[in-house]
Amino acid sequence: MPFVRIDAHGGGIGAGRLDALGRAVHDALVETLGIPSDDRFQVLTAHDAAAGTLRYDDYLGVHRDEGIVFVAITLRAGRTTGQKEALYGRIARLAEEYAGTDPRNVFVTLTENTSADWSLGNGLAQYVGSGSC
């Protein structure tokens, strides 16, 4: 059950860019981590490039530009390093395929937590005591 936040410059890049990025991340999660296809919880936010609301530099020699996309994924712990690396690669490839985003501009972070850290509605901790994704 991942929760995804995507922040990207909006504006002149096209109205469907955020939707395409959301689809790219979701498809990558389904393909690499086996997330159920109907397990989609995302917050997609477009930022005004002219106002400069996203900040970035060329850290670790990766030159980023106004095409930057920040992807923050919160999910339950338990994935291997290999699975995470596969996820990062697939997100970058699909972001390029679906949204025309250069892979160098795809910045992904994962935050892991436990089953007790989720309530999916009705004030319940649905994952406590269950083995669901």
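Note that the numbering runs from 1 along the sequence shown for the chain.
The two residues Ser115 and Arg76 come nearest to each other via the heavy atoms OG-NH1, 2.9 Å. Here the closest non-hydrogen pair linking Arg17 and Ala8 is NH1-CB, 3.6 Å. Of all heavy-atom pairs spanning Ala95 and Ala24, the tightest one is N-CB, 3.7 Å. The shortest heavy-atom contact between His9 and Asp48 is CD2-C, 4.2 Å. Pairing each heavy atom of Ala116 with each of Val128, the nearest pair is CA-CG2, 3.8 Å.
Proximity of Leu87 to Leu33: side-chain heavy atoms (C-beta onward) are separated by under 4.5 Å at one or more points. Between Leu75 and Met1, the closest side-chain pair of non-hydrogen atoms is not below 4.5 Å.
Hydrophobic side-chain contacts under 4.5 Å tie Leu94 into a cluster, directly or through other members, with Tyr98. Its side chain within the 4.5 Å cluster rule, Leu54 clusters with Tyr56, Ile68, Phe70, Phe107 among the Ile, Leu, Val, Met, Phe, Trp and Tyr residues.
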Next item on the list: Apply side chain to side chain contact (heavy atoms under 4.5 Å, CB included) to Thr45 and Ile6, showing your working.
Entry: CA-CA 6 Å; Thr45 306; Ile6 299 174; over 6 Å; no
Next item on the list: Please step through side chain to side chain contact (heavy atoms under 4.5 Å, CB included) for the pair Val25 and Ile73, ending with a clear verdict.
Entry: CA-CA 9 Å; Val25 171; Ile73 303 171; 4.2 Å; yes
Next item on the list: Would you check, one step at a time, whether the test side chain to side chain contact (heavy atoms under 4.5 Å, CB included) holds for Leu44 with Leu21?
Entry: CA-CA 9 Å; Leu44 310 176; Leu21 290 167; over 6 Å; no
Notebook entry, point to check: Arg23 and Gln42: side chain to side chain contact (heavy atoms under 4.5 Å, CB included), yes or no, with the steps?
Noted result: CA-CA 10 Å; Arg23 286 186 297 110; Gln42 300 180 334; over 6 Å; no
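Inspection of the Thr74 and Arg5 side chains reveals no N or O donor paired with an N or O acceptor under 3.5 Å.
By the side-chain contact (heavy atoms from CB on, under 4.5 Å) test, Ser119 is found to be paired with Gln126, residues two or more places apart in sequence or in another chain being considered. For Ala86, the side-chain contact (heavy atoms from CB on, under 4.5 Å) partners two or more places apart in sequence, or in a different chain, are Thr32. Scored by the salt bridge (Lys or Arg N to Asp or Glu O under 4.0 Å) test, Glu85 finds no partners at all (sequence neighbours excluded). When the side-chain contact (heavy atoms from CB on, under 4.5 Å) test is applied to Leu60, no partner is found at least two apart in sequence or on another chain. For Asp57, the side chain to side chain donor-acceptor pair (under 3.5 Å) criterion is met by no residue, not counting sequence neighbours. Checked against salt bridge (Lys or Arg N to Asp or Glu O under 4.0 Å), Arg64 has no partners two or more places apart in sequence or in another chain. Asp117 is linked by a side-chain contact (heavy atoms from CB on, under 4.5 Å) to Asn113, Thr114, counting only residues two or more places apart in sequence or in another chain.
The closest donor-acceptor contact from the side chain of His26 to the backbone of Ser37 lies under 3.5 Å. With hydrogens and angles disregarded, no donor-acceptor distance shorter than 3.5 Å links the side chain of Glu31 to the backbone of Ala28. The closest donor-acceptor contact from the side chain of Asp65 to the backbone of Gly67 lies under 3.5 Å.
Annotation: ring pair (Phe, Tyr, Trp, His ring centres under 6.0 Å) contacts involving residues 76-97, sequence neighbours excluded, are absent. Sorted by first then second residue, the salt bridge (charged side-chain N to carboxylate O under 4.0 Å, His left out) pairs that include residues 92-103, not counting sequence neighbours, are Asp102-Arg104.
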